[in-house]
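Accompanying notes for the structure given below.
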2 protein chains.
Amino acid sequence: MSLRYALLALLTAQPMTGYDISKGFSGSVAHVWHAPDSQIYPELNRMERDGLLTSEQVPWGKRSTKKEYHVTEAGLTAFRAWMDEPLDIRRQRDPAYLKAAYLDWAQPEAAREQLRKQREYWRDHLALLEGTRAMLLDRSHPTLVARLSHLPEEQGELAARYRIHAYNGLIAHAKTELAWIDDGLALVDELDGQ
Amino acid sequence: MSLRYALLALLTAQPMTGYDISKGFSGSVAHVWHAPDSQIYPELNRMERDGLLTSEQVPWGKRSTKKEYHVTEAGLTAFRAWMDEPLDIRRQRDPAYLKAAYLDWAQPEAAREQLRKQREYWRDHLALLEGTRAMLLDRSHPTLVARLSHLPEEQGELAARYRIHAYNGLIAHAKTELAWIDDGLALVDELDGQ
DNA sequence: ACTGTCATGTAAAACGTTACATGATTCT
DNA sequence: AGAATCATGTAACGTTTTACATGACAGT
């Protein structure tokens, strides 16, 4: 059910089409809540059916149109209610830790290969996160800019500070993962050398 | 599909019943891969059907029996194959980060309350993880003991070292979360004071 | 004319959560 | 006798992934 609120969060910055969302997603909410197109479009339809969004047909090219979604009052209310609701904490379920715990069952070379892949993924991801945080810090991040344009100074400042805080957490997490993966690689080398 | 491998991992230590697993789970694999009973029993049945496990009826009390699952050769092969397979990295999808990013939409007191709850959860969780790591370090952890009893010295050492490594990662992760949550609480106080 | 990107989905399968259901055994 | 724990699931529902499907528009 969080996808719904991720979409609501994004649409409070500005009206968007499903396509805008599924692209713009990459640069912002996707870091926090990834979803493929095939989940986004149907969910937008359900949200409209439930009265959280309205859609407006906007001309696209000469003959065609696209559907731009706007958050309704009911949508805002639902979002605020969700934000005030206690968070349901989900248990850890990460195959990386599961595998790491049983690395004695893998071929050392396969183990190294996997750890290197993970390291690469987290490095790239970290770079993305740091890039996004930089844009938030200098207030050049597109979604934030859209939001600031229709918010009073002080409200905008709040929004920016909390977005940055979230990225601080994501970045700290990525760095912790990277350090742990490096430890894993060193451990494989140590234990394989015997 | 990882639940299957989590169960396989656990059953390589010793034969167990579904109940043993769903309890013993708490003290070991569950930290890495949580699952409720209602998912464990059917999966064990499917794994038996697929030839990864065999089950033995063991007497329980005077009239009753229970089903003890043993890993087959095919099960070991499947587990090793999975361990050598490249890991499919899953994208972040944590409602805590999503909420943190939009904390300007929550009532400050609701925000504080949620952060306190999260802090409590992670503190408890961290204590559990550190307790488990301590048992791994002094080789008193029950599942590890069972495993060491049928493994040559050197193999057992490998197993212990990798289990500990996994817990190091989980503990580092929990500490990072806690530090970030504290930052969040400080931030709410700062921004609410205006 | 062709390629890339904009635009919007459906369908099926896999995975996971929550609630319900039941009975035997062991301990006090 | 009653409570706690051992033991094993089913059913319904919701979420997520993966694969497939289609067509219009814009730039070269």
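For clarity, every value in this text was computed on a predicted model and none was experimentally measured. To find a chain, count down the sequence lines: A is the first, B the second, and so on, and within it residues start at 1.
Using a cut-off of 4.0 Å between Lys/Arg side-chain N and Asp/Glu carboxylate O, A:Arg80 and A:Glu73 are scored as not salt-bridged. Residues B:Asp50 and B:Arg4 are paired through a salt bridge, judged by an N-O separation under 4.0 Å between the basic side chain and the carboxylate. Note on B:Arg119 versus B:Asp182: salt bridge recorded, some NZ/NE/NH1/NH2 to OD/OE distance being below 4.0 Å. Remark: A:Asp20 does not engage A:Lys66 in a salt bridge, criterion side-chain N to carboxylate O under 4.0 Å. In this structure, A:Lys175 pairs ionically with A:Glu130, as a charged nitrogen and a carboxylate oxygen lie closer than 4.0 Å. Between A:Lys117 and A:Glu120, none of the side-chain N atoms (NZ, or NE/NH1/NH2) sits under 4.0 Å from a carboxylate O, so this pair counts as no salt bridge.
In this structure a side-chain-to-backbone donor-acceptor pair under 3.5 Å is missing from B:Asp37 to B:Ser22. With hydrogens and angles ignored, the 3.5 Å screen pairs no side-chain donor or acceptor of A:Asp104 with any backbone N or O of B:Tyr162.
The distance from atom CG of B:Asp88 to atom C1' of C:dA14 is 13 Å, rounded to the nearest whole Å. Atom NE2 of B:His34 and atom C1' of C:dG16 are 9 Å apart (whole Å). When rounded to the nearest whole Å, the span between CD1 of B:Ile40 and P of C:dT17 equals 11 Å. Distance B:Leu7 CG to D:dT8 P: 14 Å, rounded to the nearest Å. A straight line from CG of A:Leu44 to C1' of C:dT8 spans 11 Å, rounded to a whole angstrom. The distance between atom CD of B:Glu43 and atom C1' of C:dC15, rounded to the nearest whole Å, is 10 Å. The nearest whole Å value for the distance from the CD atom in B:Glu48 to the C1' atom in D:dT8 is 14 Å. For B:Asp94 and D:dT16, the CG to P distance is 12 Å, given to the nearest whole Å.
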For nucleotides 9-12 of chain D, give me every protein contact, N/O to N/O, under 3.5 Å, one pair per line with atom names.
none

With 3.5 Å as the limit, what N/O pairs link the protein to nucleotides 24-28 of chain C?
| residue | atom | partner | partner atom | Å |
| --- | --- | --- | --- | --- |
| C:dT25 | OP1 | B:Arg63 | N | 3.1 |
| C:dT25 | OP1 | B:Ser64 | N | 3.1 |

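Checked against a 6.0 Å centroid threshold, the rings of A:His31 and B:Tyr97 do not count as neighbours.
Remark: B:Arg46 is not in phosphate contact with C:dC15, judged by side-chain N or O atoms under 4.0 Å from OP1 or OP2. Residue B:Tyr19 has a polar side-chain atom (N or O) positioned under 4.0 Å from OP1 or OP2 of D:dC6.
Mapped onto DNA chain C by nearest heavy atom, A:Lys66 and B:Arg90 fall at different nucleotides, with A:Lys66 at the one closer to the 5' end.
Each of C:dT17, D:dT16, D:dT17 was ranked by its minimum atom distance to the side chain of A:Arg93; first place goes to C:dT17.
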